[in-house]
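Okay, structure first, notes after.
Per chain, numbering begins at 1; letters A, B, ... match sequence-line order.
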Amino acid sequence: MLSTLLHEAMAQDRTVTGRVTDATSNQGLPGVTVLVKGTQIGTATDVGGNYSIAVPASGTTLVFSFIGYTTTERVIGNATTLNVPLGVDARQLGEVVVTALGIERQKKEVAYATATVTEEVVTRATPINVANGLQGKVSGLNIASTNNGVFENVRITLRGIRSLTGNNNPLLLLDGVPSDISYLSSLNPNDIENVTVIKGSSGAAIYGPDARNGVIVVTTKKGSLDDKPTVTISHSTQLQQISFFPKLQEKFGSGGLGEYIPYENWSWGPAFDGSDVLLGDPLPDGSEQIVPYSARNDRKEFFNTGVTNQNNLSFAAKDFYISLQDANITGTVPNDKNRRTGVRLNTGKEYGKFRVGFNTNYIQQNYNVFNDLGMAGWNAANNVGLNQGLMNLIFNTPAHVPLTNYSDFENDPFSQYNNYYNHYGLNPYFALDNWRTSGRREDLITNLDFNYKITDWISLTYRAGLTAQMVNERRTSKGEVPTAFGVPRGASLIPGFVEERSYRNTRLSSEAFANLNKEINEDFKVNAILGTYLRQNDARDTRVGTTSLVVPELFNLANRTGQLTGSSPEAKTRLFSVYASAGLSFRDWAFLDVTGRNDKTSVLAAGNNSFFYPGVTAALVLSDAIPAIKNNNLITYLKIRGAWNKTGNADINPYSLAATFSQVNGFPYGTLPGYTANNTTYNANLEPEFIESREVGIETGFLNGRVNLEATYYNQDNDNQIIPINVSTATGYTSAFVNAASFINKGVELDLRLTPLVKLGGVNVEFRANATYNDSEVTTVFEGLNELFIGGYPTAANYVVKGMPAFIIRATDYNRDPEGRVIVNGTSGAPTQNPNLQNFGRTNPKWIVGLNPSVNWKGLNLSTLFEYKGGHYAYHDIGNAMAWTGVSEASAANNRERFVFPNSVIANANADGTTSYTPNTNVTLNSVENFYTGVYRTVASNFITSAAAWRLREVALTYDLPVSLIGKQKYIKGVSVALTGRNLALWLPKSNVYTDPDFTFSAATADFNAPANSQSQGVSGNTSGISNSTINPPTRIFGGNISLTF
Amino acid sequence: MKKIIYSIFTLLLLGTASCKDEFFDINENPNAPTEESITPQLILPRTLHATASRMATSYDYAAHWMGYWSRSGTYGPSAEQETYAITTGYQADEWGTTNSTTGWYDILTDVNLMEKKAEASGQAFYQGAAKVIKSIGFMYLVDEYNNVPYSKAFDLGGNILPAYDKGEDIYADLLVQLDAADKLFAAADVSADPGIEEADIMFGGDVAMWRKLANTQRLKLLIHMSEVISPANAQAEIAKITTNGAGFLMAGESANVQPGYSNVVDQDNPFYSTYKVSAAGALDQYNRANNYVLNKFMSTNDVRYQYFFSKAEVKTAAQPNDYYGYNFGEVIPNNAPNASNSSDVAGPGLAKGPEQAQWLFTSVESLFLQAEAMQRGWLPGDAETTYKNAVTESFVWLGVPNATTVAATYLAQDNRMISYTSAPNKINLIVMQKYLALVGINNFEAWVDYRRVGVPTDLPLSLAPNRADNVIPSRLLYPQNEYSYNAANVAAEGSINAQTSKVFWDK
C-alpha cells in the first residue's frame, strides 16, 4: 500500500479544486465523477459538490459525469480552480435503475414502472424510518402510518393488494439480497445511496416470489471513488407534539343522569358552573380534594412533547464505507422511549477480474413502552369492557379533573392507586407505569458478494445473505394490593407478572448467477441471466411467564407461586429456485425481455410444491426510433412499454397442511393433560396461488426535459388464493385453509415533473406531482360463501364481499325504513339496532396524490410535500368509548335536553298487515343519556367517516453554506443546516372528529411467524381503517439538523 | 485459478439444483399434535372441564332474565340484556365464535372426534362418555336455537355448509344415542380404555355412575319435551330407562368434575373464579342478587338465600342491610349502593373455595326431575315424597346446618308455594321449588322451565326504560357467523324473532 501511494504522489504535480453545480439550480452536486481524461485518476464531489483532484503533469482535461446530467469536459490549462455547472441530460439516457440482483440497467431499457428516490430526497425531513421518507413521493406506493409512538408503525403496499388475507408487503431487496420488509425500519436512512421502487410484479422471475407485491430496492453507500476519505457528521433534533385531538365536550362534568358524583368516570353529570366541588372521596385522614367545576385542558396536556435526537457519523473512502447512527426517541406518551443504534460497514476489493464485497449492518433497538395489552388483560379479567388502550383512560376522565396533577402516584395521596378519585378508572400515570414492555431488538443484515468477470461480457456472481432478528423482551406488571379503603371504591388486586420473550428469526440465502451481455452486431445486443436461489428461514419464539409474583417488583420467574406459562414454537422453511432471463435490444430503442422461474418450496406437499411462472416485457423508445421525433425540441423523449407476467407463490406459514390440537383452559393440571382441536383446519393438498399481471405505460419528456410525464395502467388477476375461509362453527372449525377466492386489482399511476417550473434569475421553482388510482373487485370467494372476515370488531370490520372492492366495512346500523330513514319507537323516541351487518364503503384508498413544490435560490432550498388519500372510509371505535363515558362532543348535543332523533320515522302497522312510516316530528328521545350510552354506541355506523385526508407531509428548508462563509480552512468541506417538519398539518372532513384515518389498530398477533413483534415495528396485517383507544393521537414533528463534511 | 472458479460455480449451480425431495421434507409440525397422534384419553379431561364450566358460568343472561341475578350499581346497563333486544352477536359464544375454544360446537367437535377415535379402537367407555356429553351439548343448542346443524355437522370435507336438523329430530336421536351409551357402558371393559381412571375426572372410571348420569340426562330431555310429548311416548321412553336398572343420580350423587382445581391462575374452580374471585384477584362486581328471588326467600322463612348469595362487603348509612339486591333493568342512580354494598351471587353454599369440584349435574336437579316425572305419571313412584326429598337435598347440598330438620320445618309451612298438599298445581309447585333450589347452580334450566311451563308465574319483566314492548326472549338468534358463512342454510330457517319464535318444545 505504502509504495503505491508514494508512486502516485511522485507522479502528481498539481491540484485542481472546484465545485460542480446543477446548471439550473446552482446547487452543489454531490457524487459527480471527476476524471482526468485518458487516465484512471479520478475523484468524486462531496455533499457540497466540491472536489479536489491531483492531476499528473500529463493531464490536460477533466471529465465531469453524473447520472442524469450531460457529461462535460473542461480543459485545465493553468487553472487551479474549475467550477463546472452541469446541465440536465434532457433525454435521460443516463438514468440508471437498479434492478434484479442489484444489476444496474438504463431506465430506458426497463419495460415496467419504476421510480428512484435518492438519499437526499428520502432524508429531506430527517425521518427515522426510511418508509416515512418515501411517503407521498412515489406513485403507486401507499405507506400508511398505523399508529404514533416511539415506533413508527407503517403498512406498505404497492398498487393495492394481491392477497386478501396474506402477505401484501413489497419485497425489500437490500443490496441485492431479498429481505423481509420489516428490516426497512431498522435501516439508517443516511446510509442509503438510493431507493428504487419497482411497482409491479414484472420480473418477479428474477426477484423471487415475494416480488409479486413489488420491490423496494435499497442500495447502500459503497464509499467514495478515490482514496480520499470523507467524514460526515450530522445531528438533528426534532420535537413531536399532538396535532389533533378527538373532539370532546366541555360542558358537563362527572356524574350520571345530570347529578354530580365526585367519583364517577362518566361525564353525565350537571353542566359546569365554576363552583368548587369535591372530587373523589375524602381520604381516610379526612383530606378532601376540592376543584373548580369547570372544564380544563388536562386530557390533551397529558401527552408530552416527544423529542428525537439523531446523531450520525460516517466515513467514506474508496470501496469503504462505515457509519454509526444513534437515534434516541422519547414519545408523546409519558415514559415511552426507544433508542436505535446501528453500525454499518460496506467494503469491497477488486483484484483484476475478481471482485469481493462485504456489507454488514448491525442495529440495536432498546425500547421501553406502555404495555396496553397487559392492562387490557387485567380489565378483561375484571369484567371491565371498553378499557383497552391509553386513550380510554383519558376518556374516563371528566373535563374538570386536574389530570396532570396525578403524575406522582407513589407519593401524592390523591394520585395513589387506592385513593384515586375515580372508582371506575385508573390513574393513567399509574397504568403507564404499572404495565410495561421493555426489550431489545437486534438486527443483523449482512451479505457477501463474489464476482468474477470471465470476459468483458460474461460475469459470475455468488452472493450469500444473512438476515437475523432477535427480540428479547420482558412484559411486566408491578402489581398493586387494594387497601381496606380501596376495596369498596372498586380497587381490586393487580397481580404482579412477568413474561419473558425470546424471539429469533434468521434467513440464510445463497444465490449464484451468470450474467451475459453481448453485442451481437451493431443492431442487436443480448443480455441474459441464469441463476439459482436457495433460502432457508428459521424461527423460534419462546415465551415464559408467571402471573403470580411473590415479592413485588422482583421480576424473576423464580419469584412466583403456581405454574409457569409459556410455549416455544419453531418454524423452518426452505425455498429453492432456478431462474433465467433473456433480453434482446435492437439499435438501443427496442427492448424485449423474457423471464422464467421455477420455485420449489417446503411448505406445500410433494407434488404441489414445484411451480413455474413466466413473464415478458417490451419497450420502445420512439424518440430514438422515429427520426421525426428524434430531433424535435418539443417532444424530447417518448417511450412506450408493456409487460405481462405470472407469479406463483405459496406464502404461507409452514405446517399449514394439517389441523392441530392444543392444551387450553388451564391444562395441563399437574399430571393431567387435556387437548382440544384448534379452530383452523387445512387442506393437505394446497396448491400454489398465481397472479397474472399486465401493465402498459408511457414515458414522455417535453420542452427539453422541462416537462416530464409518465403514466402506467395495470391490471392484475389474483386467482385461487391460499386463504383461510370462514366456515360455520358447526363444521368443527371456524376457518379452513383452502385454495379459494379470486379478485382483480387495477389502477393508474401518473407522475409529473416540471423542472424547472419557473426560473427567474437565481430563483428556481420545481414542481413534482404523482397520483395513483386503485380499484379492486372480488369476483369469487368460495362455493356457497360470499364473504370473508378480515379484521376488526364484531360491530364493524373489514370484510371481503363478492362483487365489492377489497375490503369494505361491514357494520351495524339503525333499523331504517325503505327510504333509509331511521325508525324510532313511538313512545321512547329511541331507534333500534338492526341485528344484521350492513355494507359500508371501502377501506383502501381509491386516490393517492402527492404534490411536491420546491424553490431554491443559491444555497437555500425550500421543499414541501402534500399528500392526499381519499375515496375510502374508516371506523373509529373511540366514538363508541367516548359516548359511553359522555365525553364526546356528540354526547353534549342539544345541551343534553331531549330532542327528536333527526330525520326519523315511526312505524305504523296497517290493518292489511303492511307497515307504513310517518315522519317523527314530536316524539323525543326519552333519555338522552340512555341513548348515547346504549343504542348509539352499538350502532357502529355512527362512527364510520370518510377516510379522506390532506396532509402536509414534509417541509424542509435547507441551506448549504457557501464556500466563502466556511472560509479558507483545510478541514471543513461543507456545512448544511436545515429546518424540517413532518406531518405539520392534517386536514380532515368535518365528520371525522376522531383521529388520523390512516391509523389502524392491529390485533397483537400471537403468531410467531409475524415479522418482529406487535410492540416493535411489525408491519401490520391487511385490516385498515379500524382505529381504537390503543391508537395515540396524531402528531406533528418539527426540528432542525446540521451536517458537517470533512 | 479460472478452472477452479468455474468448477466451484458449476458445483454451486448443480449442487443446489439437484436438491432432493428430502431436502423439502421438513414440514412435519414440530409444535403441536395433529389428528393422527391425538387419543381419546387426551381429549376427555378438557371436554369434561369445558362442559361443566360452560354449564356453570355462561348463563348469566338466563340468571338475569329469570329473576335470579341483577346488575350491580357499579356498572352501566347492558342494553341487549336489559331490554331483551338481543342481536345476532348476543351470546354468540354459546354456539362458538372465531376464536373460542369453549362454545358448544367447539366442545362437541372434540367429543365427535373422541367418539370416532374411541369407536375405531374399541374403547367403549370413551365412546359412551362421548355420547353422554354430546347429548348435553346438543340439548343446550336446541334449547337455545331450536334447529341446528347436527347430522351434517363436523364434516368439513363433505358439508362445508352444514344443513340444519329439526330440534325434535335432534332430541329424538339424542335419546337413541343415550340408549346406545348405556349399552356401551354396560358392556365396557374398562381395561380396554387406557387411562380412563385418570382421564375421567368426573367419576374416575365408575361405569355405574356414568349409567346413572346417562339415565338422568334421558329423563331431562323428556321433561324438556313435557308439553309436546304424549304421555304414552314418555312412558315408553322411561320404561327403556328403568329396564336397564342403572337408576338415576340420587341424593348425594352429584356429577362433579375435578381435574385438580387449585388457587392458581386458570386452574381455579370455574364458578368460584367467575363469580367470587379469580386466582388473579379479579372480583365479580357485575352480578348481584335480584330482589325478586331474594324476596321470595325472605318472605317464606327460607334461609337458602344466605347460601346462594353473600353478605354485602361494606354496609353504609344508606344501605345498612346484610343482603341487598337490585331490581332487574332498573335505572340505578350512579350514587346508589354499588357492588361492594350488595350481595354477590357466589354465596357460601355455592362458592366454597377455588379447589372445589365443579358440579355438572346435581343430585338436587335429578330429584326434581324425578318428582316431576312421577307427578306426570311417567315414572313409577310417590311424587310427594320425591318432591320433599328434592327440597331437602337442596338444603343438604348447600350445606345448611341441620339441613334435614331445617328443610322439614320449611316444607311444613302451609304455603301454596311450598306445601305439596295445598299447592293447586303440583307441576308448578315442583318446578317453582326447582327454580328456588337451582339459583346460580343451573341458571339455564330456569329459563327452560319458564318457557316450558311458565313458572315462576309472577316473574317481573325488565324495568329498563327502553324495553318498549319486548318480553323475555323465547330463544337466541343464530350467530352472525352463520348468516355470513352458512348463509343459505340459516336463511332456510326463515326470519327469526327472539320475542316470538320458539323452540319446538315451547308450546
Here's a test for you: under side-chain contact (heavy atoms from CB on, under 4.5 Å), which of A:Thr676, A:Thr729, A:Asn678 qualifies with B:Asp106?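 Of A:Thr676, A:Thr729, A:Asn678, side-chain contact (heavy atoms from CB on, under 4.5 Å) with B:Asp106 is met by A:Thr729 alone.
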Taking all heavy atoms of A:Ala730 and all of B:Pro162, pick out the closest pair and write down the distance.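 So the minimum-distance heavy-atom pair works out to CB-CG, 3.9 Å.
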Over all heavy atoms of both residues, which pair between B:Thr74 and B:Ala339 is shortest? Give the atoms and the distance, please.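 In terms of heavy atoms, the two residues are closest at OG1-N, 2.8 Å.
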Could you have a look at A:Val801, A:Thr827, A:Val603 and say which one has the most heavy-atom pairs with chain B under 4.5 angstrom?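 Highest number of pairs under 4.5 Å: A:Val603.
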Relative to chain A, which segment of B:Ala280 carries a heavy atom at a distance below 4.5 Å: side chain, backbone, both, or neither?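 Both the backbone and the side chain of B:Ala280 come within 4.5 Å of chain A.
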Which atoms of B:Ser100 approach chain A - backbone, side chain, both or neither, heavy atom under 4.5 Å: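 It is the backbone, since no side chain atom gets that close.
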Answer with side chain, backbone, both or neither: which region of [X] has an atom nearer than 4.5 Å to a non-hydrogen atom of chain B?
X	value
A:Ser548	neither
A:Ala736	side chain
A:Leu657	side chain
A:Pro794	neither
A:Asn726	both

Any heavy-atom pair between the side chains of A:Ser656 and A:Asn653 that's under 4.5 Å?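 Yes, close enough: below the 4.5 Å cut-off.
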Parallel, tilted or perpendicular, judged at 30° and 60°: which one describes the rings of A:Tyr462 and A:Phe450?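 Because their plane-to-plane angle is under 30°, the rings of A:Tyr462 and A:Phe450 count as parallel.
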Have A:Asn665 and B:Arg46 got a donor and an acceptor in their side chains that come within less than 3.5 Å?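 Side chains of A:Asn665 and B:Arg46: pair found under 3.5 Å.
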